[in-house]
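This report refers to the structure that appears directly beneath it.
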Amino acid sequence: MNFWLFKSEPSVYSIDDLKRDKSTPWEGVRNYQARNFLRDTVKNGDLVLFYHSNAEPPGVAGIARIVKEGYFDPHAFDPKSKYFDEKSKKDNPAWYLVDVGFVEKFDQVISLPMLKGTKGLEEMMVTKRGARLSIQPVTKAEWDIVLKLAGAKLAVK
DNA sequence: GCCAACGTTGGC
DNA sequence: GCCAACGTTGGC
């Protein structure tokens, strides 16, 4: 069981959109490091901090869960898609998707300043300068701290 | 809207 | 393989 932080701009796709949709393919990852996580490490049942970037305030808005682990991104093969990538071949796909399911929306966004000010989260990628990676691993200890901050209903196991 | 950080591209 | 140019991310 792994823990992650996935970033999304709420103007594009927010925790409320996920709540409405129940689950969604996590589209548009076009960064190789993030791709490697989606292809190799993100597994069914893994838990995800849903992070709102370019938001007011930026921060963790809720929890999601991996409901379908890495599979080829069909959009990369489709010339009409904005995610088309001619370098991605069917016998050697460049890009992968996972599906995430809605678990919980926090009553209050755990803002980036709050994360930065919390003991135990100093090493969390998202709190570091220039942490642009859109798929980030989170430790169990960090996960527990964020859920405690949120007063999350999901039991910390 | 600004701009620092940083990933990618492409000429050489 | 170096590195300048360029594009994107994302906090502020």
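By convention in this document, chain letters (A, B, ...) are assigned in the order of the sequence lines, proteins followed by strands, and residues within each chain are numbered from 1.
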(message) When you measure from the side-chain N and O atoms of A/K7 to the phosphate of C/dT9, is any distance below 4.0 Å, counting only OP1 and OP2?
(response) no
(request) Measure the distance from CD on A/E56 to C1' on C/dG10 and round it to the nearest whole Å. (result) 13 Å
(request) Calculate the interatomic distance between A/N36 atom CG and B/dG7 atom C1'; express it in whole Å. (result) 14 Å
(request) Please report the shortest heavy-atom distance between A/Y51 and A/P58, naming the atom on each side. (result) OH-CB, 3.7 Å
(request) Using a cut-off of strictly less than 4.0 Å, decide whether A/Y51 has a side-chain nitrogen or oxygen near OP1 or OP2 of C/dG11. (result) yes
(request) Could you check how far CG of A/L112 sits from P of C/dG11, rounded to whole Å? (result) 6 Å
(request) Would you mind reading off the distance between A/R132 atom CZ and C/dG7 atom P, rounded to a whole angstrom? (result) 14 Å
(request) May I ask you to say what A/K116 touches in the nucleic acid, namely base, sugar-phosphate or nothing, with a heavy-atom cut-off under 4.0 Å? (result) sugar-phosphate
(request) Using atom OH of A/Y32 as one end and atom C1' of B/dT9 as the other, report the distance to the nearest whole Å. (result) 11 Å
(message) I need the CG-P distance between A/N31 and B/dC6, as an integer number of Å.
(response) 13 Å
(request) Verify whether the ring centers belonging to A/W95 and A/Y71 lie closer than 6.0 Å. (result) no
(request) Give me the ring orientation class for A/W143 and A/F3: parallel if the planes are under 30° apart, tilted from 30 to 60°, perpendicular past 60°. (result) tilted
(request) Specify whether A/F72 and A/F77 have parallel, tilted or perpendicular ring planes, treating 30° as the upper limit for parallel and 60° as the lower limit for perpendicular. (result) perpendicular
(message) Rounded to whole Å, how long is the line connecting atom CG of A/L115 with atom C1' of C/dC12?
(response) 16 Å
(request) Please state how far atom CG in A/L133 lies from atom P in C/dG11, giving the value in whole angstrom units. (result) 13 Å
(request) Please figure out whether A/N54 or A/R30 has its closest DNA chain B nucleotide nearer the 5' end. (result) A/N54
